[in-house]
Amino acid sequence: MASLKMIGKSDIAVNFTDGMFKGLYHGKNCHVPDIATVLNRAWSAGVDRIIVTGGSLEESREALAIAETDGRLFCTVGVHPTRCNEFEESGDPEKHYQALFSLAKEGMQKGKVVAIGECGLDYDRLQFCSVDIQKKYFEKQFELAYATKLPMFLHMRAAAEDFCEIVERNKNRFTGGVAHSFTGSASDRDKLLSFDKMYLGVNGCSLKTAENLEVMKGIPVERMMIETDSPYCDIKNTHAGIKFVKSTWPSKKKEKYDQESLVKGRNEPCLVRQVLEVVAGYKGLGDLNQVSSTLYHNTCRVFFPQDLDSAADALLSGHHETD
């Protein structure tokens with residue numbers, strides 16, 4: 001395998017609050033909690049920043065607590081579209097909003113909260129939350145972005161028209177954002193790219209089919225970020241993008257857990273390297289280090305603007321280093 005050390009590699013979406021990282025699968029305990037082991041593997045693979053995703057008030061609290069355990073971890077605060085019922089079920093939606101706002105401010109003071117989200121619209125899973133509730137509290141979370149001056153970490157599934165309409169209405173209320181885990185059509189892609197502050201996050205789910213790859217090819221590298229969305233969205237052997245994957249790690253079934261190996265079928269941040277390989281491979285971009293540097297610069301531009309100078313330096317030095 002080629003050296004995994006590269007200039008700036010980040011994973012903008014990791015669900016470390018998920019039970020799988022505690023060893024829980026479908027309610028059954030299969031192994032010890034292993035976030036520390038997973039992180040060591042990521043750092044060894046050249047990942048140097050990870051954003052832990054918050055999808056509810058409680059989950060955002062947990063994401064912040066996890067982010068505080070390592071200088072290279074950051075997090076989001078917000079409510080996922082499928083969880084927006086929690087505003088109403090709290091009995092006091094405004095109080096719930098204020099709790100999110102307080103948590104975001106606390107996390108910003110600690111240098112850990114870098115975005116509002118995961119928020120947006122998901123019309124594939126309306127059994128969890130109705131369209132009206134999703135739209136109402138997606139719009140509400142733009143108030144959080146405006147009040148904190150934070151960018152947005154966005155979710156759009158089967159809802160491009162309503163999503164873009166709400167973003168258009170609120171485009172002056174947020175500093176920038178990423179529509180993460182992008183799996184939409186070419187038309188969806190172009191609608192999102194028409195917002196000059198919007199980036200698209202690509203992971204294994206974005207690279208499943210030949211059509212997915214063609215849509216991805218049309219995203220300029222300058223408007224893209226990469227992610228794993230761990231523990232989900234791994235690149236499987238049946239996926240169209242698999243032929244571009246060069247880096248592999250040993251894996252074992254969860255029942256035969258071994259900390260030296262990945263858990264088979266559970267995605268983790270070190271595998272963001274594979275996403276990079278598929279993006280560069282399908283786009284025909286030979287200099288993996290340069291692609292990685294550009295993607296890292298994009299991530300800094302939105303989530304770590306204070307580090308733009310060092311990212312630019314890395315971008316320049318990338319011309320003089322080989323992977």
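Since the structure is predicted, the reported quantities are computational estimates derived from the model, not experimental observations.
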cation_pi(Lys197, Phe174) dist<6.0 Å, angle<=45: yes

Intermediate values then yes/no, side-chain hydrogen bond (donor to acceptor under 3.5 Å, both in side chains), Gln134 and Tyr123: CA-CA 9 Å; Gln134 285 191 35; Tyr123 292 178; 5.7 Å; no

Min side-chain heavy-atom separation Thr148-Val77 under 4.5 Å: no

Stepwise side-chain hydrogen bond (donor to acceptor under 3.5 Å, both in side chains) test for Thr228 and Asp11: CA-CA 6 Å; Thr228 57; Asp11 186 347; 2.5 Å; yes

Side chain Lys236, main chain Ile242, donor-acceptor under 3.5 Å: no

Evaluation steps, side-chain hydrogen bond (donor to acceptor under 3.5 Å, both in side chains), between Asn212 and Thr209: CA-CA 5 Å; Asn212 288 153; Thr209 66; 3.1 Å; yes

Check: Glu268 and Trp249 side chains under 4.5 Å, non-hydrogen atoms: no

Contact check, side chains of Lys254 and Lys28, non-hydrogen atoms, under 4.5 Å: no

Parallel, tilted or perpendicular: rings of Tyr97 and Phe101 (30°, 60°): parallel

Side chain Glu118, main chain Thr53, donor-acceptor under 3.5 Å: no

Side-chain heavy-atom pair Val278, Val275 within 4.5 angstrom cut-off: no

Aromatic ring pairing Tyr282/Phe244, orientation class (parallel under 30°, perpendicular over 60°, tilted between): perpendicular

Geometric class of the Phe163/Phe138 ring pair [parallel <30°, tilted 30-60°, perpendicular >60°]: parallel

Separation of Leu24 CG from Cys30 SG (nearest 0.5 Å): 8.0 Å

Basic-acidic side-chain contact under 4.0 Å: Lys256, Asp258: no

Main-chain N/O of Ile66 paired to Thr69 side chain as donor or acceptor, under 3.5 Å: yes

Check: Thr76 and Ser60 side chains under 4.5 Å, non-hydrogen atoms: no

N/O donor-acceptor pair under 3.5 Å between Arg83 side chain and Leu57 backbone: no

Close side-chain approach of Phe182 to Met224, heavy-atom, < 4.5 Å: no

Sidechain-backbone polar pair: Arg223 side chain, Leu193 backbone, donor-acceptor under 3.5 Å: yes

Side chain proximity check, Met225 to Phe303, heavy atoms < 4.5 angstrom: yes

Stepwise side-chain contact (heavy atoms from CB on, under 4.5 Å) check, Glu59 with His80: CA-CA 10 Å; Glu59 210 175 75; His80 191 281; over 6 Å; no

Note, His239 side chain near Val245 side chain (heavy atom, < 4.5 Å): no

Arg169 and Glu165 ion-paired at < 4.0 Å: yes

Parallel, tilted or perpendicular: ring planes of His155 versus His180, cut at 30 and 60 degrees: tilted

Asp18/Arg266 ion pair, N-O < 4.0 Å: no

Expected output: side-chain Arg189 to main-chain Val215 donor-acceptor under 3.5 Å: yes

